K.L.:
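Got a structure for you, questions after.
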Amino acid sequence: MQAITVRDRAAGVSGLSLTEEPYPHAAENDVIVRVHAAGFTRGELDWPGTWSDRAGRDRTPSVPGHEVSGVVVELGYGTTRLTVGQRVFGYTDPTRNGTLAEYVAVEARDLAPLPAGVDHTVAAALPISGLTAWEGLFDHGRLAAGQTVLVHGAAGGVGSIAVQLAREAGARVIGTGRAAARDTALGLGVDAFLDLQADSLDDAGQVDVVLDVIGGDILDRSAALVRPGGTLVTIVSPPTVRPRDGRAIFFVVEHNRDRLADLAQRLRDGRLRPIVGAVRTLAEAPAALAHPAPGKTIIRVVDDA
């Protein structure tokens with residue numbers, strides 16, 4: 001089968017290449033998915049799992065990409081809850097070969113059914129961003145109706161989903177980003193937008209939750225904005241500055257099949273809209289991912305995706 005592979009860690013995204021790879025093996029509780037569309041997360045070539053397995057053994061050449069939407073074509077021994085021919089999407093194990101390929105082996109528990117009518121290209125943009133936004137806002141941030149949340153990077157992959165989920169939950173949303181992101185963020189429903197290059201972060205006032213995807217000085221300065229009892233949540237690195245009388249949490253997104261299914265229903269009902277940017281073929285993936293356009297770049301593997 002054709003797949004995008006990486007061999008040289010130092011080369012970064014410029015080291016991506018289209019190669020012929022063996023058809024994947026379905027281990028116990030696995031399924032083989034015919035990939036219709038796949039997502040690639042910026043920075044995943046820095047993840048340890050891209051280069052070594054759970055035992056620390058080198059596993060190059062490896063196939064990156066860990067968001068998938070496609071159709072089940074084979075079941076491994078012991079697999080339940082999924083069937084051959086079923087439309088699925090999900091977030092695959094970062095320590096195994098990924099989704100920038102014609103086929104991928106995935107643990108069945110990492111996939112959720114994809115409702116009819118939801119486009120594979122849109123679904124492939126959701127798993128990591130959607131799970132991260134939900135877990136950050138609700139599992140860690142404990143956001144509730146009537147509260148105020150500050151979402152950094154409000155027009156980005158995670159931030160755009162977080163804005164929509166927070167609005168649906170009845171929260172007031174303040175978004176941040178570059179000036180070019182203002183219209184997108186306002187279109188998603190933020191109540192106010194701060195240009196991080198021109199506006200003062202203090203203009204956000206006191207908030208109950210901060211969801212940070214930027215880190216550095218923005219993360220540090222955000223701690224002072226969290227009111228007593230509130231939470232600063234980040235996916236970048238453990239915070240070095242904590243809110244007074246509040247919590248500071250760093251987390252890594254976790255797989256959650258039931259949550260994926262819930263997000264898929266929101267997609268079907270039109271209550272959630274991932275921001276899809278460029279859509280490219282597998283052959284175009286190395287160039288497209290080396291020079292990403294605004295929005296989530298999706299690699300379309302099957303033409304009807």
Side-chain angles (χ1 to χ4, degrees), residues 39 41-44 46 125-144 147-227 229-244 246-253 272-275 277 292 294-296:
T41 302
R42 297 179 191 181
E44 74 172 71
D46 294 326
L126 183 62
I128 293 178
S129 294
L131 289 174
T132 300
W134 185 281
E135 292 169 14
L137 290 174
F138 305 116
D139 295 343
H140 301 293
R142 302 174 186 171
L143 183 68
Q147 293 186 327
T148 298
V149 58
L150 175 63
V151 178
H152 288 309
V158 174
S160 62
I161 299 298
V163 168
Q164 296 173 74
L165 292 175
R167 288 282 296 172
E168 187 179 51
R172 178 173 180 265
V173 184
I174 302 170
T176 76
R178 296 179 180 271
R182 181 184 299 274
D183 289 346
T184 299
L186 291 172
L188 292 169
V190 298
D191 295 279
F193 180 83
L194 297 177
D195 177 350
L196 290 175
Q197 295 178 309
D199 299 326
S200 170
L201 191 57
D202 292 338
D203 290 345
Q206 294 290 287
V207 302
D208 298 284
V209 178
V210 173
L211 179 60
D212 168 67
V213 298
I214 299 174
D217 179 62
I218 295 298
L219 172 60
D220 292 344
R221 290 162 53 200
S222 297
L225 304 177
V226 178
R227 59 171 52 105
T231 309
L232 172 64
V233 183
T234 181
I235 63 172
V236 180
S237 61
T240 58
V241 180
R242 305 182 66 85
R244 178 177 297 180
R247 301 181 302 143
I249 294 173
F250 163 71
F251 79 100
V252 176
V253 63
L272 192 61
R273 176 173 60 89
I275 298 178
K296 179 83 170 183

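Quick caveat: nothing in here was measured; it's all calculated off a predicted structure. In this chain, numbering begins with 1 at the start of the sequence shown.
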K.L.:
Give the intermediate values and the outcome of side chain to side chain contact (heavy atoms under 4.5 Å, CB included) for residues Ile161 and Trp134.
P.N.:
CA-CA 8 Å; Ile161 299 298; Trp134 185 281; over 6 Å; no
K.L.:
Can you tell me how far the CD atom of Glu135 sits from the CG atom of Leu211, to the nearest 0.5 Å?
P.N.:
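Those atoms lie 11.5 Å apart.
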K.L.:
Search all heavy atoms of Ala204 against all heavy atoms of Leu225 and return the closest pair with its distance.
P.N.:
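Between these two residues, the closest heavy atoms are CB-CD1, 4.3 Å.
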K.L.:
For Ala224, is there any backbone N or O sitting under 3.5 Å from a side-chain donor or acceptor partner on Gln206?
P.N.:
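Yes; at least one donor-acceptor contact below 3.5 Å.
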K.L.:
Where the side chain of Ser160 meets the backbone of Gly157, is there a donor-acceptor pair that is under 3.5 Å apart?
P.N.:
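Side chain of Ser160 to backbone of Gly157: a pair is present.
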K.L.:
Nearest 0.5 Å, please: how far is CG in Leu150 from CZ in Arg172?
P.N.:
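The distance works out to 10.0 Å.
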K.L.:
Looking at side-chain heavy atoms only, is the closest gap between Ile214 and Leu196 below 4.5 Å?
P.N.:
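Yes. Closest side-chain heavy atoms under 4.5 Å.
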K.L.:
Considering residues at least two apart in sequence or located in another chain, which fulfil the side chain to side chain contact (heavy atoms under 4.5 Å, CB included) criterion with Asp217?
P.N.:
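Applying side chain to side chain contact (heavy atoms under 4.5 Å, CB included) to Asp217 gives Arg221.
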K.L.:
Could you tell me whether the side chain of His140 reaches within less than 4.5 Å of the side chain of Ile235, counting heavy atoms only?
P.N.:
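Not in contact.
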K.L.:
Answer yes or no: is there an ion pair linking Arg167 with Asp191, defined by an N-O contact shorter than 4.0 Å?
P.N.:
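Salt bridge between Arg167 and Asp191, a charged N being under 4.0 Å from a carboxylate O: yes.
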K.L.:
Checking side chain to side chain contact (heavy atoms under 4.5 Å, CB included) between Val151 and each of Leu188, Leu165, Val173, which is the one that passes?
P.N.:
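So the option named by the test is Val173.
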K.L.:
If you define the side chain from C-beta out and look only at heavy atoms, does anything of Lys296 sit under 4.5 Å from Pro274?
P.N.:
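Answer no - side chains too far apart.
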K.L.:
Compare every heavy atom of Val190 with every heavy atom of Ala154, then report the nearest pair and how far apart it is.
P.N.:
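The answer is CB-CG1, 4.4 Å.
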K.L.:
Which atom pair, heavy atoms only, marks the closest approach of Phe193 to Ala185?
P.N.:
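Reported closest heavy-atom pair: CD1-CB, 3.6 Å.
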K.L.:
Mind checking the CD1-CG spacing from Ile174 to Asp203? Nearest 0.5 Å is all I need.
P.N.:
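Taking CD1 in Ile174 and CG in Asp203, the distance rounds to 9.5 Å.
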K.L.:
If every non-hydrogen atom of Leu143 is compared with every non-hydrogen atom of Ala171, which pair is closest and at what distance?
P.N.:
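Shortest heavy-atom separation between Leu143 and Ala171 comes out as CD2-CB, 3.8 Å.
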K.L.:
On a heavy-atom basis, which atom in Gly295 and which in Arg42 lie closest, and how many Å separate them?
P.N.:
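Here Gly295 and Arg42 meet closest at O-NH2, 4.1 Å.
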K.L.:
Can you establish whether the number of heavy atoms outside Arg182 located under 6.0 Å from its atom CZ is more than 12?
P.N.:
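Enclosed: over 12 neighbouring heavy atoms sit under 6.0 Å from CZ of Arg182.
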K.L.:
Step by step, would you call Val226 with Thr231 a side chain to side chain contact (heavy atoms under 4.5 Å, CB included)?
P.N.:
CA-CA 7 Å; Val226 178; Thr231 309; 5.7 Å; no
K.L.:
Check whether Asp208 reaches the backbone of Thr148 with its side chain - one donor and one acceptor, N or O, closer than 3.5 Å.
P.N.:
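Side chain of Asp208 to backbone of Thr148, a donor-acceptor pair under 3.5 Å: yes, one is there.
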K.L.:
For Arg142, does the CZ atom sit with more than 12 other heavy atoms under 6.0 Å from it, leaving out its own atoms?
P.N.:
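Open.
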K.L.:
State, to 0.1 Å, how close Val149 and Ala166 come at their nearest heavy-atom pair, and which atoms those are.
P.N.:
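So the minimum-distance heavy-atom pair works out to CG1-CB, 3.9 Å.
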K.L.:
Just by modelled atom types, is the Val209 backbone N or O under 3.5 Å from a matching donor or acceptor in the Gln147 side chain?
P.N.:
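Judged by distance alone, no pair lies under 3.5 Å.
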K.L.:
Only one of Ile249, Asp212, Val213 passes side chain to side chain contact (heavy atoms under 4.5 Å, CB included) with Thr234; say which it is.
P.N.:
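So the option named by the test is Asp212.
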K.L.:
Once rounded to the nearest 0.5 Å, what's the spacing between atom OG of Ser200 and atom CG of Asp195?
P.N.:
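So the gap between those two atoms works out to 11.5 Å.
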K.L.:
Who are the side chain to side chain contact (heavy atoms under 4.5 Å, CB included) partners of Thr240, not counting sequence neighbours?
P.N.:
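With neighbours one apart ignored, the set is Asp220.
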K.L.:
Would you say Leu219 and Leu232 make side-chain contact, with heavy atoms under 4.5 Å?
P.N.:
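Heavy-atom side-chain distance check passes, below 4.5 Å.
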